[in-house]
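Reviewing the structure listed below.
Side chains included, hydrogens not; waters and symmetry mates left out as well; all remaining heavy atoms used. The structure displayed is predicted, hence computed values, not measured ones.
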Amino acid sequence: MAGWSFQDLLSFLVLLLLCAKPGLGKVTRCIERERQALLHFKHGLVDDHGLLSSWGDEHDNRDCCQWRGVQCSNQSGHIIILHLQASWSKNTHQYQYLRGKISPSLLELEHLTHLDLSHNNFEWRDIPPFLGSLSRMQNLNLSCAHFARTIPTQLGNLSNLLSLDLSDNYLNSGNLEWLSRLSSLRHLDLSYVNLSEAIHWSQAINELPSLIHLNLQYCNLPPIPSLTIPSLSHGNSSVPLVFLCLSENHWTISSIYPWLFNFSTTLLHLDFSMGGLNGSIPDAFGNMNSLEYLDLSSNTLDGEIPDAIGDMGSLAYLDLSNNQLRGSIPDTVGKMVLLSHLDFSFNQLQGSIPDTVGKMALLSHLDLSRNQLQGSIPDTIWNMVLLSHLDLSDNQLQGSIPDTVGKMVLISHLHLSRNQLQGSIPDTFGNMVSLEKLSLSENHLQGEIPKSLSNLCNLQALELDRNNLSGQLAPDFVACANDTLETLSLSDNQLSGLVPTLIGFSSLTELHLDLNQLNGTLPESIGQTSTLVLAILAWLNANRCVLHSMIDFGM
């Protein structure tokens with residue numbers, strides 16, 4: 001053997017191993033007992049879409065490890081995964097799903113670690129309690145599968161469970177004590193489960209030492225009794241929560257915030273939207289400096305936005321919209337330099353927009369609409385080149401729109417309507433080639449509509465009505481958007497000349513040109529726009545409101 005190469009020696013050793021263990025290297029086939037269990041399971045189901053057509057008893061189809069949704073261990077041959085989630089068919093444009101009942105034959109799959117039956121239709125049956133006997137189970141997903149009634153407490157026997165998703169069914173649970181036995185659980189989603197009677201739900205959560213993801217959206221959770229709130233001065237909860245969604249529940253500040261702030265050092269995602277929260281936003285939120293996502297929208301929060309919110313330096317998403325917040329926008333918002341989404345809309349905020357907003361260089365979505373903001377729009381906003389959505393509508397903003405608006409080349413939605421803006425529409429609007437919706441209506445804008453708007457080929461809505469715009473409309477001023485434009489509103493201005501031909505605008509559904517000084521005969525091409533459902537084409541001339549031509553729109 002002295003003359004052998006290393007490669008020859010390695011091949012010889014592999015050959016010895018194969019001879020010593022005859023089973024090594026053979027293709028693993030499924031175990032007959034488990035194959036029969038799957039066939040019994042299939043027999044209890046109604047498979048309208050042929051999802052289990054590969055599950056057969058034919059000679060060429062006996063290896064159940066090759067069946068759809070089945071995965072076996074390469075070492076033992078035991079079935080370890082059943083992934084039978086419903087799926088969307090591109091051919092039929094409908095969901096393909098299973099229905100019927102779950103057979104206890106699944107108990108034969110003693111090595112099963114993953115079971116996904118989500119988005120099927122089990123016709124409002126109970127979740128089978130025997131699933132709690134699959135002791136090796138690590139991931140159980142029964143979400144959106146038309147289960148009903150009470151969650152079986154036997155699921156608490158699944159001591160190896162890492163992930164449990166029972167969301168979007170018609171389930172309830174009056175006692176979550178069974179959860180405390182799932183000591184390995186990391187992911188729990190019970191959203192849309194009725195937990196209105198589960199008065200000790202927070203205690204059960206606190207006893208899950210490994211939990212990092214918790215979703216209890218729309219569970220009608222009862223308030224946390226004060227006796228169950230851990231003392232903040234005597235150590236925090238040991239639960240390392242990273243993701244917490246408690247939206248669409250009903251709370252009071254005194255009951256939920258002390259429990260929440262126990263997780264202030266670990267949380268990355270917090271959603272309390274549509275939860276009935278009232279009172280002011282506590283300064284303690286400023287201590288949650290690891291938080292990346294915060295949604296407190298659609299509550300009844302009042303008072304001012306605390307300056308401490310600027311200490312949340314890791315935030316990428318902040319939504320405080322649809323509350324009753326007052327006062328001014330704190331200058332400290334500019335400290336959140338990682339923020340990409342900021343929404344303070346539908347509040348009662350006053351004062352001016354702080355210049356520090358422009359320090360959030362990563363911002364792509366900014367919505368301050370439906371407030372009482374005053375003053376001019378700070379120049380720092382127009383320099384935010386990553387903005388794709390800017391909505392400052394329904395305020396009391398003044399001043400002009402500067403030429404620097406054209407720097408926002410990525411913007412797709414720009415809403416400045418219902419303010420007190422003056423001056424002309426900058427020609428640099430034509431640089432914003434991604435623009436889909438432009439709304440400048442109900443301001444005091446003057447001058448001509450810039451010809452550069454002809455560069456906006458993706459435009460879906462152009463709303464310039466109720467201003468003091470003048471001049472003539474070029475025949476092709478929006479021609480580039482003939483395949484995308486749905487709304488064109490220029491009414492209540494001082495526009496003159498002929499109506500543009502609008503040839504080929506097959507997508508146009510709203511056209512408003514009334515209360516101008518347009519003249520001439522309406523172009524027949526407008527009547528050829530088959531999708532046009534609303535056209536207000538009154539003309540102002542010496543007799544005020546004389547219609548030069550009538551078009552039959554087939555309405």
Side-chain angles (χ1 to χ4, degrees), residues 247-248 271-281 294-306 309 315 317-334 336 339-358 360 363-378 380-382 384 387-401 405 408 411-422 435-445 460-467 487 489 492 510:
S247 64
E248 298 183 72
D271 188 347
F272 265 160
S273 60
M274 295 182 283
L277 289 174
N278 53 40
S280 59
I281 300 174
L294 176 60
D295 190 346
L296 303 179
S297 64
S298 300
N299 286 287
T300 54
L301 295 168
D302 55 21
E304 297 187 359
I305 301 174
I309 204 166
L315 270 185
Y317 184 104
L318 176 60
D319 192 343
L320 304 180
S321 64
N322 199 19
N323 280 287
Q324 300 173 17
L325 298 171
R326 302 186 301 274
S328 60
I329 299 174
D331 289 339
T332 55
V333 297
M336 297 183 286
L339 210 62
S340 63
H341 182 109
L342 176 62
D343 193 340
F344 289 166
S345 62
F346 286 86
N347 279 289
Q348 301 170 25
L349 299 173
Q350 299 176 327
S352 59
I353 301 173
D355 289 339
T356 54
V357 169
M360 295 182 285
L363 209 60
S364 63
H365 181 110
L366 177 59
D367 193 342
L368 305 178
S369 63
R370 302 295 179 98
N371 281 287
Q372 301 166 25
L373 298 171
Q374 301 172 330
S376 60
I377 302 173
T380 53
I381 284 185
W382 309 121
M384 302 175 75
L387 272 180
S388 62
H389 181 106
L390 175 61
D391 193 344
L392 305 179
S393 61
D394 291 277
N395 282 287
Q396 301 168 25
L397 298 170
Q398 300 174 334
S400 60
I401 304 172
V405 66
M408 299 189 296
I411 199 158
S412 60
H413 291 194
L414 178 57
H415 303 276
L416 303 177
S417 59
R418 291 176 291 281
N419 280 288
Q420 300 172 21
L421 298 175
Q422 301 173 334
L435 205 59
E436 297 176 357
K437 294 186 179 181
L438 173 60
S439 180
L440 305 177
S441 60
E442 296 187 50
N443 280 288
H444 305 306
L445 298 172
Q460 298 175 11
L462 177 61
E463 299 171 350
L464 306 178
D465 54 285
R466 301 187 185 185
N467 280 287
T487 300
S489 184
D492 204 355
E510 288 194 33

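Side-chain atoms of N443 do not come within 3.5 Å of backbone N or O of N467 as any donor-acceptor pair. Looking at N299, its side chain does come within 3.5 Å of a backbone N or O of G276 through a donor-acceptor pair. S364 contributes a side-chain N or O that, together with a main-chain N or O of S340, makes up a donor-acceptor pair within less than 3.5 Å.
Side-chain atoms of L277 and T300, non-hydrogen and from C-beta on, never get closer than 4.5 Å to each other. Within the 4.5 Å cutoff, the side chain of I381 has heavy atoms near those of the L366 side chain. Annotation: side chain of L325 is not in contact with side chain of D302 (no heavy-atom distance under 4.5 Å). Side-chain contact between L416 and I377 is present, with heavy atoms from C-beta onward closer than 4.5 Å. At a threshold of 4.5 Å between non-hydrogen side-chain atoms, the residues I281 and N323 do not count as touching. Looking at I329 and L373, their side chains come closer than 4.5 Å, going by heavy atoms from C-beta outward. Contact check for L320 versus F346: no side-chain heavy atoms found under the 4.5 Å cut-off. Taking the side chain as every heavy atom from C-beta outward, L349 and F344 approach each other to under 4.5 Å.
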Discussion item. What verdict does the side chain to side chain contact (heavy atoms under 4.5 Å, CB included) test give for L397 and L392, after you've listed the backbone C-alpha separation in whole Å, the side-chain angles of each residue and the deciding distance to 0.1 Å?
Written reply: CA-CA 8 Å; L397 298 170; L392 305 179; 3.9 Å; yes
Item to complete: Please test L342 against L363 for side chain to side chain contact (heavy atoms under 4.5 Å, CB included), starting from the C-alpha separation and ending with a verdict.
Response: CA-CA 8 Å; L342 176 62; L363 209 60; 4.1 Å; yes
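Legend: residues meeting side chain to side chain donor-acceptor pair (under 3.5 Å) with S441, ordered by chain and number and at least two apart, are absent. For T380, the side chain to side chain donor-acceptor pair (under 3.5 Å) test picks out no residue, with sequence neighbours left out. Scanning for side-chain contact (heavy atoms from CB on, under 4.5 Å) contacts around D391 gives D367, S369, H389, S393, H415, with sequence neighbours left out. Judged as a ring-ring contact (aromatic ring centres under 6.0 Å, His included), and not counting sequence neighbours, the contacts of Y317 are Y293, H341. For M274, the side-chain contact (heavy atoms from CB on, under 4.5 Å) partners two or more places apart in sequence, or in a different chain, are E248, S298. In this structure, S328 has no side-chain contact (heavy atoms from CB on, under 4.5 Å) partners at least two apart in sequence or on a different chain. Taking T356 as the reference, D331, V333, P354, K359 meet the side-chain contact (heavy atoms from CB on, under 4.5 Å) condition, with sequence neighbours excluded. Scored by the side chain to side chain donor-acceptor pair (under 3.5 Å) test, Q348 finds no partners at all (sequence neighbours excluded). Every residue was checked against the salt bridge (charged side-chain N to carboxylate O under 4.0 Å, His left out) condition with E463, not counting sequence neighbours, and none meets it. Every residue meeting the salt bridge (charged side-chain N to carboxylate O under 4.0 Å, His left out) condition with D394, not counting sequence neighbours, appears here in chain and number order: R370, R418. Residues satisfying the side chain to side chain donor-acceptor pair (under 3.5 Å) test with Q350, not counting sequence neighbours, are Q372.
Screening residues 271-280 for salt bridge (charged side-chain N to carboxylate O under 4.0 Å, His left out), with sequence neighbours left out, gives no hits.
The line from CG of L301 to CG of N347 is 8.5 Å long, rounded to the nearest 0.5 Å. With rounding to the nearest 0.5 Å, the separation of CG in L464 from CG in L445 is 8.0 Å. The OG atom of S489 sits 8.0 Å away from atom CD of E510, with the distance rounded to the nearest 0.5 Å. Within the model, atoms OG of S273 and CG of L296 stand 8.5 Å from one another, a figure rounded to the nearest 0.5 Å.
Across all non-hydrogen atoms, the minimal contact from D295 to S297 is OD1-OG, 2.7 Å. Smallest separation of non-hydrogen atoms from L315 and M336: CD1-SD, 3.9 Å.
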